[in-house]
Amino acid sequence: MNRRAAPLPVTESPSDILTWTARFGANAASPVELTEHCIARIERYDPLLNAFCELDLEGAIEAARRSEARWMQGRELGPLDGIPVTIKDLISAAGFPFRRGSRNTAIPAGETADSPCVSRLREAGAVILGKTTTSEFGHKAVCHGDLCGVTRNPWDLERTTGGSSGGAAAAAAAELGLLHMATDAGGSIRMPAAFTGVFGLKPTTGVVPIYPASSFAHLAVHGPITRFARDARIAMQTIARPDSRDWAAPPSLPFTWSETVDPAGLRIGIAALTSGPQPQEETAAAVTEAAELLAELGADVRPVPLDLSEAPALFETIWTATAAALLAAPGMDPARCEPTLLELAERGRAVTGAAYAEAFSGCAALAERLRQVHEAVDLLILPTMPLTAFAAGEDHPWPVGIRGWPEWAPYCYPFNLTRAPAASLPCGSDADGLPIGLQIVGPPFADATVLAVAEALQDALPRLPPPKALMDR
């Protein structure tokens, strides 16, 4: 392949989406140069990270050339035209096999179709580089498995990325593209974003249409992982459009992504968790410092008690029952599934229909309690994770009970139960230099407000240095 752009050193940032498209418009750079730059980084760093399970680099160059021609002729399709993107392997994309991280099922590349978000990205002229890794069916909060092996953290190759969107998060942190589409049914966008020092948004359920329907449909969303919150906003303007294939998605949204929200005057609650594990001291301190910055920006910041005590049992019921249904689907061969997924499904087979229905009633009660919290505050902030990244290849950082990963990752999945928008952004690092994530949560359909505050806070926070594990490689 004849590349016109040499790879930039890891210390040089390819910047944000709007900066690149401004360069395209001024003829100061081209989509081909940017795509070649990302490909060079993939060839240099992905052998270390294992962020991709499928690549189409020749197809990406061809798409970039078409984009370059549009920019040269003044016919560009918008701010994502020519921007290199990746797609998680839990999202279907035409021309790529759809394996969902499993040895058990695979829809061949010739039989796949684009999910709604992928259709919107193609229509916008985005350049698709490939598909990123996931745990099997996204069933655990790390990113390793029998199909693809271990995905590693750009900050420390001996640490996990978290999951299940670990490939997307690693690609974002290592700048192997500017936009990375991912999924989140219990924190799978936010947890790896926190562990790898990037930004991730879980939109309100239904805001981004999904097809084919996820097995974890009540909980699951599609959303972006990026380095910058403003890039996620650009992405949402494109992918959060109605699609008739998702029968549960709203036909229109009660807000616009272009809304500008000044943190000044907003009521922001620092969640004081009344149950479950508390965050490590360094994590709590970083969140407190971020809250102080929000106060300096004019927000009314106050502590708010947050009771999520019923969430673990609700999530256990829905998560395990769905896993049981997934493995009972026609064509599934449990002998080809990972033991942790089989164990999850075994617990789910004990869930009765009455217990499953009761869990949904419990979700409604939890959502009502949070609605009452949001009468007092516009947004909540809390840690994304109580700890920083632990050893790669391990399922858990410490011995756990029957519920497994929700015991050490308790702050994300409650907002899947209530369908609320939530974002994670980097707010500091621990003594080992590993990123710490801050979570911003709003009431349903407050997505634009969550993003706006995340943008303002990210601009005010000290920027993390480049991932140290890649600096000398």
Side-chain angles (χ1 to χ4, degrees), residues 137-141 164 183-191 201-210 213-223 246-250 254 269 271 273-276 304-326 344-345 347-377 379-380 382 384 402-407 409-424 439-447 450:
F137 296 107
H139 80 283
K140 56 187 178 181
S164 61
T183 70
D184 189 317
S188 287
I189 286 174
R190 291 158 288 158
M191 294 186 291
L201 173 68
K202 181 199 88 68
T204 299
T205 305
V207 162
V208 178
I210 294 179
S214 167
S215 301
F216 298 92
H218 169 76
L219 305 172
V221 301
H222 291 175
D246 185 344
W247 63 273
L273 299 159
T274 61
S275 62
V304 175
L306 186 62
D307 180 7
L308 302 173
S309 56
E310 72 268 52
L314 296 174
F315 190 76
E316 165 77 6
T317 297
I318 296 172
W319 194 251
T320 59
T322 303
L326 174 66
L344 198 66
R347 300 207 308 269
R349 281 191 279 273
V351 175
T352 66
Y356 189 73
E358 189 174 316
F360 277 88
S361 297
C363 290
L366 179 59
E368 170 59 19
R369 183 184 308 149
L370 284 173
R371 186 194 67 79
Q372 294 174 9
V373 169
H374 283 297
E375 287 183 347
V377 293
L379 300 174
L380 286 166
L382 66 160
T384 308
I402 189 171
R403 291 191 176 120
W405 66 262
E407 296 178 23
Y411 305 153
C412 288
Y413 66 80
F415 306 111
N416 295 82
L417 296 172
T418 65
R419 305 189 172 193
S424 178
Q439 192 172 192
I440 303 176
V441 181
F445 299 107
D447 305 58
V450 168

A.B. asks: What distance separates I189 CD1 from S164 OG, expressed to the nearest 0.5 Å?
C.D. replies: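 Those atoms lie 9.0 Å apart.
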A.B. asks: Show your reasoning for whether side-chain contact (heavy atoms from CB on, under 4.5 Å) applies to R190 and V441.
C.D. replies: CA-CA 11 Å; R190 291 158 288 158; V441 181; 6.0 Å; no
A.B. asks: Are M191 and D184 close enough that some pair of their side-chain heavy atoms sits under 4.5 Å apart?
C.D. replies: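 Heavy-atom side-chain distance check fails, nothing below 4.5 Å.
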A.B. asks: Quick one, I318 and V351 - any side-chain contact, counting heavy atoms below 4.5 Å?
C.D. replies: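 Side-chain contact under 4.5 Å: no.
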A.B. asks: Do S215 and F137 have side-chain heavy atoms sitting under 4.5 Å apart?
C.D. replies: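 A side-chain contact under 4.5 Å is absent here.
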A.B. asks: What's the spacing between F315 CZ and L219 CG if we round to 0.5 Å?
C.D. replies: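 Those atoms lie 6.0 Å apart.
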A.B. asks: Taking all non-hydrogen atoms of both residues into account, name the closest pair between L379 and G442 and its distance.
C.D. replies: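 Taking L379 first and G442 second, the nearest heavy atoms are CD2-CA, 3.7 Å.
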A.B. asks: Any sub-3.5 Å donor-acceptor pair from T274's side-chain atoms to L306's backbone N or O?
C.D. replies: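 Looks like yes, one N/O pair under 3.5 Å.
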A.B. asks: Please report the closest heavy-atom contact between P250 and G206, naming both atoms and the distance.
C.D. replies: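 Result for this residue pair: CD-O, 3.2 Å.
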A.B. asks: Using 0.5 Å steps for rounding, measure from the OG1 atom of T205 to the NE2 atom of H222.
C.D. replies: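 That separation rounds to 11.5 Å.
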A.B. asks: Specify the closest pair of heavy atoms between G187 and N416, including all atoms of both residues, with the distance to one decimal.
C.D. replies: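 Taking G187 first and N416 second, the nearest heavy atoms are N-OD1, 3.6 Å.
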A.B. asks: Looking at CZ of F216 and OG1 of T183, how far apart are the two atoms once the value is rounded to the nearest 0.5 Å?
C.D. replies: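 Taking CZ in F216 and OG1 in T183, the distance rounds to 10.0 Å.
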A.B. asks: Between the side chain of D246 and the main-chain N/O of I210, is any donor-acceptor distance below 3.5 Å?
C.D. replies: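 Flag set: sc D246 to bb I210 pair under 3.5 Å.
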A.B. asks: Taking the side chain as every heavy atom from C-beta outward, state whether V221 and V208 have any pair of such atoms under 4.5 Å apart.
C.D. replies: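 Side chain of V221 against side chain of V208, heavy atoms only: no contact under 4.5 Å found.
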A.B. asks: So do T322 and Y356 actually touch side chain to side chain, heavy atoms under 4.5 Å?
C.D. replies: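 The answer is yes; the side chains approach within 4.5 Å.
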A.B. asks: Is there a side-chain contact between K202 and C412 (heavy atoms, below 4.5 Å)?
C.D. replies: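 No. Closest side-chain heavy atoms not under 4.5 Å.
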A.B. asks: How close do P203 and G223 get, heavy atom to heavy atom, and via which atoms?
C.D. replies: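 Here P203 and G223 meet closest at CD-CA, 4.1 Å.
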A.B. asks: At their closest point, which heavy atom of G186 faces which heavy atom of W405, and how far apart are they?
C.D. replies: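 Looking at all heavy atoms of both residues, the shortest contact is O-CH2, 3.6 Å.
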A.B. asks: Looking at T317 and A359, what are the two nearest heavy atoms and their distance?
C.D. replies: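 Heavy atoms only, the tightest pair is CG2-CB, 3.9 Å.
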A.B. asks: Rounded to the nearest 0.5 Å, how far does OH of Y413 lie from CG of L308?
C.D. replies: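 Going from CG on L308 over to OH on Y413, the span is 8.0 Å.
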A.B. asks: Using a cut-off of 6.0 Å, state whether more than 12 heavy atoms not belonging to E358 lie near its atom CD.
C.D. replies: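 No, because the 6.0 Å sphere around CD of E358 holds 12 heavy atoms or fewer from other groups.
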A.B. asks: Can you tell me how far OG1 of T204 sits from CZ of F415, rounded to the nearest 0.5 angstrom?
C.D. replies: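 F415 atom CZ to T204 atom OG1 measures 12.5 Å (nearest 0.5 Å).
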